[in-house]
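When reading the values below, keep in mind they use all heavy atoms of this one structure, side chains included, and skip hydrogens, waters and symmetry mates. Numbers restart at 1 for each chain; the letters A, B, ... are given by sequence-line order, proteins then strands.
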Protein chains: 2
Amino acid sequence: MEIIELLKSNSLRVTNHRLAVLTYIHQATSALSHSDLESNFKGEIDRVSLYRIINAFIEKNLIKKIIDAEGQKNYIFNAKHNQKEDVNIQPHYKCKTCNDIIELPELPETYLEKIKGLNIDHINVLAEGVCDVCKEEDKK
Amino acid sequence: MEIIELLKSNSLRVTNHRLAVLTYIHQATSALSHSDLESNFKGEIDRVSLYRIINAFIEKNLIKKIIDAEGQKNYIFNAKHNQKEDVNIQPHYKCKTCNDIIELPELPETYLEKIKGLNIDHINVLAEGVCDVCKEEDKK
DNA sequence: ATCGCATTTGCAACAATGTTGCATAAATAA
DNA sequence: TTATTTATGCAACATTGTTGCAAATGCGAT
Ligand SMILES: [Zn+2]
Ligand SMILES: [Zn+2]
Ligand SMILES: [Zn+2]
Ligand SMILES: [Zn+2]
């Protein structure tokens, strides 16, 4: 199983909880907040364990934490979990209604040139709005 | 007084608290977190009132809320409080050590063109790192 | 398969951050 | 000055995140 291998190859013990959570995030079509996870695993996984599981995944680069304009944390599966570099410049677009997050094109080199005088660890780029699908829904 | 006028012209009642808070944010050289404000006004202004004062300022565009890579909210005076538009695309750089926030050049038109097919309300761009001044300090 | 050690988990307790309702105080309009 | 509206403080509560520790589980080595 893909997910099991993913855990093993990142020297994370394969527990039922980790399997369930990573599988859930992997198949999710939208970004999940911590409370999304809490309600999904209510009665199964303790809130504190979820925090620790999530943090382990982030450290191993298996999921990405995306912070929206209100400071809310959302988690998505990191399809590029092999590449350890440059992952943190990836711009995203987040629909404020359905929570879907898609990747945007990378910032142009010309722009990065302009700001390269600064010591920059990472750049966060998040565009937000209501996606076409949700906009259509609203009309009804 | 500049600050008093700022409140009046935004139809906010001029109270001692609002004057004190807005003056404090205006003269600050770095972005202030809520707990920064709490400790500064400890014993003078209630925590809840601070939340309400801050929210009022944000609604009136007098200050800007900047969310860092950890989701922490920081507030800075909005020098462009007159312009109501395009304020929310302004990229920023935040020093992780001294908390200073400076403005970065705007995103190139070519990039905005690329993503204009999406419904975008605002774009958040925040670069983070340790500024030159703080990097020097560290060496000592 | 079993043993033993290291890691993970649940639970309780706590800390930090943010919200709401309501009585009182203060600011502005009349 | 008075009346009306708005702001404030306080208490209570909700949400989010952290820590310590005992019990459960995973896993490598027998
Ligand atoms: Zn996959
Ligand atoms: Zn949507
Ligand atoms: Zn000024
Ligand atoms: Zn600095």
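Taking atom NZ of B:Lys42 as the reference point, atom C1' of C:dA16 lies 13 Å away to the nearest angstrom. Put simply, CD on A:Glu38 is 12 Å from C1' on D:dA14, counting in whole angstrom units. Straight-line distance from the CG atom of A:Leu50 to the C1' atom of C:dT8: 13 Å, rounded to whole Å. In this structure, A:His34 places its NE2 atom 16 Å from C1' of C:dT17, rounding to the nearest Å. A straight line from NZ of A:Lys73 to C1' of D:dT18 spans 13 Å, rounded to a whole angstrom. Atom CD in A:Glu70 sits roughly 13 Å away from atom P in D:dT16 (whole-Å rounding). For the pair A:Ile45 CD1 and C:dG10 C1', the interatomic distance rounds to 12 Å; values are reported in whole Å. With rounding to whole Å, A:Tyr51 atom OH is found 18 Å from C:dT8 atom C1'.
Set against D:dT8, C:dT19, C:dT9, the side chain of A:Arg52 has C:dT9 as its closest nucleotide. Comparing atom distances between the A:Asp46 side chain and each of D:dT6, C:dG10, D:dC10 picks out C:dG10 as nearest.
Checked against a 6.0 Å centroid threshold, the rings of B:Phe41 and B:Tyr24 count as neighbours.
A sub-4.0 Å separation between OP1 or OP2 of D:dT8 and a side-chain N or O of B:Thr15 is present. Note on A:Arg18: a side-chain N or O is less than 4.0 Å away from OP1 or OP2 of C:dT8. Contact between the side-chain N/O atoms of A:Lys8 and the OP1/OP2 oxygens of D:dC27 is not found at any separation under 4.0 Å. Of the side-chain N and O atoms in B:Ser35, none sit less than 4.0 angstrom from OP1 or OP2 of C:dA16. One finds no side-chain N or O of A:Arg47 lying less than 4.0 angstrom from the OP1 or OP2 phosphate oxygen of C:dG10. Look at B:Ser49 and you'll find a side-chain N or O under 4.0 angstrom from OP1 or OP2 of D:dG9.
If you check every strand for non-hydrogen atoms under 4.0 Å, B:Glu44 touches sugar and phosphate atoms only.
Both B:His17 and A:Val14 lie near DNA chain D, and the one whose nearest nucleotide falls closer to the 5' end is B:His17. Nearest-nucleotide assignment on DNA chain D puts the 5′-proximal partner with B:Ile53, out of A:Asn16 and B:Ile53.
A salt bridge links A:Lys80 to A:Glu103: at least one charged side-chain nitrogen sits closer than 4.0 Å to a carboxylate oxygen. Here A:Asp100 does not pair with A:Lys94 in a salt bridge; the nearest charged N to carboxylate O distance is not below 4.0 Å.
Using modelled atom types and a 3.5 Å distance limit, the side chains of A:Asn124 and B:Asn124 yield no donor-acceptor pair.
In this pair, B:His34 and B:Tyr51 present their aromatic rings parallel. The plane angle is below 30°, not in the 30 to 60° band.
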